[in-house]
Amino acid sequence: MGAHWTAWVTLAAIAMYAWVIYNVGKARGKFGIHAPICDGPVEFLSVLRVHANTVEQMVAFFPALWVCAVFYNDVFAASCGVVWIVGRILYALGYYADPKKRSKGFMLSAFAIMALMGGSAFGLIVRSWPF
């Protein structure tokens with residue numbers, strides 16, 4: 001069984017992450033904030049926080065994505081991955097506009113990770129049965 005859809009989604013997630021990194025670099029230039037400084041106006045801090053939170057979520061997302069694809073279903077995993085990416089984009093755009101507008105995107109991406117974890121657990125239980 002292959003996981004080619006999940007592989008495509010993995011590449012899309014990395015592309016989304018590259019966009020987030022690009023936005024940090026752009027904000028550093030716009031506000032004149034040179035590394036390693038990580039303080040500045042709220043607009044800069046919002047862009048930096050989107051980056052940090054995306055990295056934090058990737059730690060759970062990628063393992064859950066691939067365990068789900070391998071042990072449950074490639075299409076289900078990839079579909080959840082697309083939802084996660086859309087959630088991260090909505091999170092970023094909301095946060096960039098106003099930090100109070102980040103919740104919907106955050107909840108959507110968190111839901112996708114939970115679905116991936118559920119699919120992973122279900123697939124592992126089914127494949128391990130009987131214990």
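- Atom CH2 of Trp66 has more than 12 heavy atoms from other residues, nucleotides or ligands within 6.0 Å.
- Note on Trp8 and Tyr17: separate hydrophobic clusters, where clusters join Ile, Leu, Val, Met, Phe, Trp and Tyr whose side-chain heavy atoms are under 4.5 Å apart, directly or indirectly.
- Criterion: ILVMFWY side-chain heavy atoms under 4.5 Å apart, direct or through other members. Under it, Phe62 and Trp5 are not part of a common hydrophobic cluster.
- Residues Arg127 and Val70 share a closest heavy-atom pair of NH2-O, 3.6 Å.
- Side-chain contact check for Tyr95 and Asn53: no donor-acceptor pair (N or O, by modelled atom type) lies under 3.5 Å.
- The two residues Phe44 and Ala27 make their nearest non-hydrogen contact at CD1-CB, 3.8 Å.
- Atom CZ of residue Arg28 and atom CG of residue Leu48 lie 6.5 Å apart, to the nearest 0.5 angstrom.
- Here the CD1 atom belonging to Ile113 is positioned 10.5 Å from the CE atom belonging to Met58, to the nearest 0.5 angstrom.
- Minimum interatomic distance between Gln57 and Ser109 (heavy atoms only, all atoms of both residues): OE1-OG, 3.3 Å.
- The 12-atom threshold is exceeded at CH2 of Trp19, counting heavy atoms of other residues, nucleotides or ligands nearer than 6.0 Å.
- Atom CZ of Phe122 sits in a sparse spot, with 12 or fewer heavy atoms from other residues, nucleotides or ligands closer than 6.0 Å.
- To the nearest 0.5 angstrom, Phe76 atom CZ is 11.0 Å from Leu65 atom CG.
- Nearest heavy atom pair, residue Ile85 against residue Ala13, reads CD1-N, 3.5 Å.
- Contact check for Leu90 versus Lys104: no side-chain heavy atoms found under the 4.5 Å cut-off.
- Expressed to the nearest 0.5 Å, how far CZ of Phe31 lies from NZ of Lys26 amounts to 10.5 Å.
- Linking Ile, Leu, Val, Met, Phe, Trp and Tyr whenever their side-chain heavy atoms come within less than 4.5 Å puts Met107 and Val86 in one cluster.
- More than 12 heavy atoms of other shown residues, nucleotides or ligands fall within 6.0 angstrom of atom CE in Met16.
- Taken to the nearest 0.5 Å, the SG atom of Cys80 stands 9.5 Å off from the CG atom of Asn73.
- Below 30°, between 30° and 60°, or above 60°: for Phe106 and Tyr91 the angle between ring planes is between 30° and 60°, a tilted geometry.
- Annotation for Val83 and Ala112: closest pair CG1-CB, 3.9 Å, computed over non-hydrogen atoms.
- Here the closest non-hydrogen pair linking Ala3 and Ala69 is CB-CB, 4.2 Å.
- Hydrophobic clustering (side-chain heavy atoms under 4.5 Å, transitive across Ile, Leu, Val, Met, Phe, Trp, Tyr) keeps Leu116 apart from Ile125.
- With sequence neighbours left out, Thr6 forms a side-chain hydrogen bond (donor to acceptor under 3.5 Å, both in side chains) with Asp74.
- To the nearest 0.5 Å, atoms OG (Ser103) and CG (Leu108) are separated by 12.5 Å.
- Follow the hydrophobic side-chain contacts under 4.5 Å out from Phe111 and you never reach Val82; the two are in separate clusters.
- No side-chain heavy atom of Val20 sits less than 4.5 Å from a side-chain heavy atom of Val55.
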